[in-house]
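This structure is a prediction, so every number in the text was calculated from the model and none was measured.
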Amino acid sequence: MIVDAFSRLGWEVPRLLASLLRAPDLYFDSISRADVDTWSTGRTCLVGDAACGATLGGMGMGMGMGTGTGTALVAAYVLAGELAGAKGDYRTAFSRYESGLRKYAKGCQAGGGRTGKFLAPAPAPAYDSATPCCPALSPAGTSAQLWVGAVTRGA
């Protein structure tokens, strides 16, 4: 599957694919997140990534860093407060916890949608090897140009 997807690319890709074929094992996974409609059922309540994981590189709330651990700590603190305030009524505590935290958690998750696009970008458009790239960088008075190497994509 990997060789089929990348075999037509140039540069160092053929060398990398050849070493991949010689590798004794290989593991790869998706960058994903499962969103749930509610964070509690009965006496069970989700906290942290189980409730509202930000995924790799979530970078929510403009903090400039992954927010999974911070979100989990905030969630645990809020849930503890709601449980104490509800004096044993876990249904009320769970409801208040989720309604009070869901908007914050969604903000922390907002950057996660960019992660996959950054780590696994869409294929670049195919370029013909005769397509000049950056002719303005050619020295004045010469016909030299920088050229994009031939890259083709399968249909």
Side-chain angles (χ1 to χ4, degrees), residues 1-128 131 133-134 146 148-155:
M1 172 174 38
I2 294 173
V3 172
D4 289 342
F6 297 102
S7 64
R8 290 175 291 281
L9 298 178
W11 190 56
E12 294 291 324
V13 174
R15 185 179 63 82
L16 293 169
L17 291 174
S19 66
L20 174 70
L21 294 172
R22 292 189 304 272
D25 57 6
L26 172 68
Y27 174 80
F28 65 96
D29 200 352
S30 66
I31 299 171
S32 53
R33 180 182 80 221
D35 294 324
V36 294
D37 293 330
T38 183
W39 297 347
S40 64
T41 184
R43 294 181 58 87
T44 303
C45 188
L46 303 175
V47 179
D49 284 350
C52 54
T55 195
L56 178 65
M59 297 184 165
M61 304 302 283
M63 294 182 212
M65 63 185 90
T67 59
T69 303
T71 304
L73 290 171
V74 168
Y77 180 83
V78 170
L79 179 57
E82 294 299 344
L83 286 167
K87 301 192 183 337
D89 183 357
Y90 65 87
R91 288 181 187 93
T92 297
F94 292 172
S95 176
R96 287 180 182 165
Y97 153 70
E98 184 171 348
S99 64
L101 198 65
R102 190 167 280 271
K103 183 176 178 184
Y104 169 79
K106 287 217 177 273
C108 291
Q109 292 173 325
R114 297 185 304 266
T115 305
K117 294 175 187 142
F118 173 75
L119 294 175
Y127 292 99
D128 183 335
T131 303
C133 175
C134 307
L146 300 174
V148 176
V151 177
T152 57
R153 284 187 283 161

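Distance check, rounded to the nearest 0.5 Å: CG of Leu83 to CG of Asp89 gives 10.0 Å. How far CG of Asp35 is from SG of Cys52: 9.5 Å, rounded to the nearest 0.5 Å. Here Glu82 contributes atom CD and Ser99 contributes atom OG; the two are 7.5 Å apart, rounded to the nearest 0.5 Å. Summarising the geometry, atom CG belonging to Leu79 is positioned 13.5 Å from atom OH belonging to Tyr90; distances are rounded to the nearest 0.5 Å.
Scanning both residues, Phe6 and Val13, for their nearest heavy atoms gives O-CG1, 3.3 Å. Residues Leu16 and Ser19 approach most closely at O-OG, 2.8 Å, considering heavy atoms. When all heavy atoms are compared, the tightest approach of Ala93 to Ala86 is CB-CB, 3.8 Å. Contact record, Glu98 with Ser40: OE1-N, 4.2 Å, taken as the closest heavy-atom pair.
Put simply, the side chain of Ser95 never gets that close to the backbone of Thr92: no donor and acceptor are under 3.5 Å apart.
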Can you check side chain to side chain contact (heavy atoms under 4.5 Å, CB included) on Tyr97 and Val47, steps first, answer last?
CA-CA 10 Å; Tyr97 153 70; Val47 179; 4.0 Å; yes

Does Trp39 form a side chain to side chain contact (heavy atoms under 4.5 Å, CB included) with Leu101? I'd like the steps, not just the answer.
CA-CA 11 Å; Trp39 297 347; Leu101 198 65; 4.0 Å; yes

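More than 12 heavy atoms of other residues, nucleotides or ligands lie within 6.0 Å of CZ in Arg102, so this atom counts as buried by the packing criterion.
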